[in-house]
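Report on one structure; see the data block that follows.
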Amino acid sequence: MWPPDPNPEPDPDPGPASRSPPRTAVSGLCALLPAPAFLCSLKGRLLLAESGLSFIIFVCYVASSASAFLTAPLLEFLLALFFLFADAMQLNDKWQGLCWPMMDFLRCVTAALIYFAISITAVAKYSDGASKAAGVFGFFATIVFAVDFYLIFNEVAKFLKQGSSADETTANKAEEENSDSDSD
């Protein structure tokens, strides 16, 4: 995983007869690839779908007469790639100063709204096939981004509910301790 272990464990010496070549650390561009376990997770698949659909929509808008809309899919593609690698490299654990769930939530909400608006416009206003294809893929992207922000919202709500229930129990205990129970 990333970053490479600075002090790798030495392999026990199996003897000269069964010696194999030493293992080398993953280097080059392979070190930037996300782990297969993350790519198989739900969040990894959603981010892959978001980046793939955004790239397809970008290519469709480049080839269409609705080229005024190509900036939105390009930005969403780059943002989805950033969040894919940030989640895969666990940057949310390394950079604690940023509110990662809120940034991801806002990215998904705005992407869903933008894709929905430009897809309606592309399908209704433009008659060429590339614009229609970009609009249809845009509707699929709207659904994928909506599912992602729904899942993020549920995680954040669950986290906040756990935090508020813990705060309520400590507040109730403090209130019971501070109450005047011998007021007969």
Side-chain angles (χ1 to χ4, degrees), residues 1-3 29-165:
M1 199 74 195
W2 185 260
L29 292 177
C30 291
L32 295 176
L33 293 176
F38 174 73
L39 294 178
C40 292
S41 69
L42 179 62
K43 184 65 176 176
R45 285 185 275 160
L46 281 172
L47 284 169
L48 278 175
E50 290 168 2
S51 59
L53 282 170
S54 295
F55 183 73
I56 290 170
I57 295 166
F58 171 72
V59 170
C60 288
Y61 280 130
V62 166
S64 73
S65 61
S67 60
F69 298 135
L70 66 88
T71 306
L74 177 63
L75 288 175
E76 293 303 333
F77 170 68
L78 294 175
L79 284 172
L81 279 181
F82 171 73
F83 274 91
L84 174 72
F85 286 112
D87 283 348
M89 303 301 172
Q90 298 172 347
L91 291 180
N92 54 353
D93 295 333
K94 296 175 185 173
W95 295 344
Q96 294 291 325
L98 300 173
C99 186
W100 288 94
M102 184 58 74
M103 289 186 337
D104 200 18
F105 178 76
L106 289 175
R107 176 190 64 87
C108 292
V109 168
T110 56
L113 293 173
I114 289 170
Y115 273 134
F116 186 69
I118 66 174
S119 296
I120 288 174
T121 307
V123 170
K125 187 176 178 184
Y126 297 95
S127 61
D128 60 320
S131 297
K132 301 278 186 197
V136 170
F137 281 118
F139 288 126
F140 288 133
T142 300
I143 293 169
V144 171
F145 278 103
V147 166
D148 196 7
F149 81 71
Y150 175 74
L151 293 174
I152 294 168
F153 179 77
N154 282 342
E155 288 177 15
V156 170
K158 192 183 315 178
F159 174 75
L160 291 176
K161 191 179 290 185
Q162 290 173 353
S164 67
S165 66

Looking at [X] and [Y], what are the two nearest heavy atoms and their distance?
X: Pro73; Y: Ile118; answer: CD-CD1, 4.4 Å
X: Leu70; Y: Phe58; answer: O-CD1, 3.4 Å
X: Val123; Y: Gly135; answer: CG2-CA, 3.7 Å
X: Ile114; Y: Ala72; answer: CG2-CB, 3.7 Å
X: Ala133; Y: Cys60; answer: CB-SG, 4.2 Å
X: Asp148; Y: Lys43; answer: OD1-NZ, 2.9 Å

Would you call Glu50-Arg107 a salt bridge at under 4.0 Å N-O?
->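 Yes, Glu50 and Arg107 are salt-bridged.
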Once rounded to the nearest 0.5 Å, what's the spacing between atom [atom1] of [X] and atom [atom2] of [Y]?
X: Phe85; Y: Leu47; atom1: CZ; atom2: CG; value: 10.5 Å
X: Phe137; Y: Thr142; atom1: CZ; atom2: OG1; value: 13.0 Å
X: Phe145; Y: Leu113; atom1: CZ; atom2: CG; value: 11.5 Å
X: Phe149; Y: Thr110; atom1: CZ; atom2: OG1; value: 10.0 Å
X: Leu84; Y: Ser51; atom1: CG; atom2: OG; value: 6.0 Å
X: Phe69; Y: Ile57; atom1: CZ; atom2: CD1; value: 12.5 Å

Enclosure of [X] [atom1] (heavy-atom neighbours >12, cutoff 6.0 Å):
X: Phe55; atom1: CZ; result: no
X: Phe140; atom1: CZ; result: no
X: Phe153; atom1: CZ; result: no
X: Tyr126; atom1: OH; result: yes

Do side-chain atoms of Asp128 reach the backbone of Ser65 as a donor and acceptor pair under 3.5 angstrom?
->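 Looks like yes, one N/O pair under 3.5 Å.
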Side-chain (Ser131) to main-chain (Ser127) donor-acceptor, under 3.5 angstrom |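 It does not hold such a pair.
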Min side-chain heavy-atom separation Met102-Leu106 under 4.5 Å |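 Yes, side chains in contact.
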Between the side chains of Tyr115 and Ser54, is a donor N or O closer than 3.5 angstrom to an acceptor N or O?
-> yes
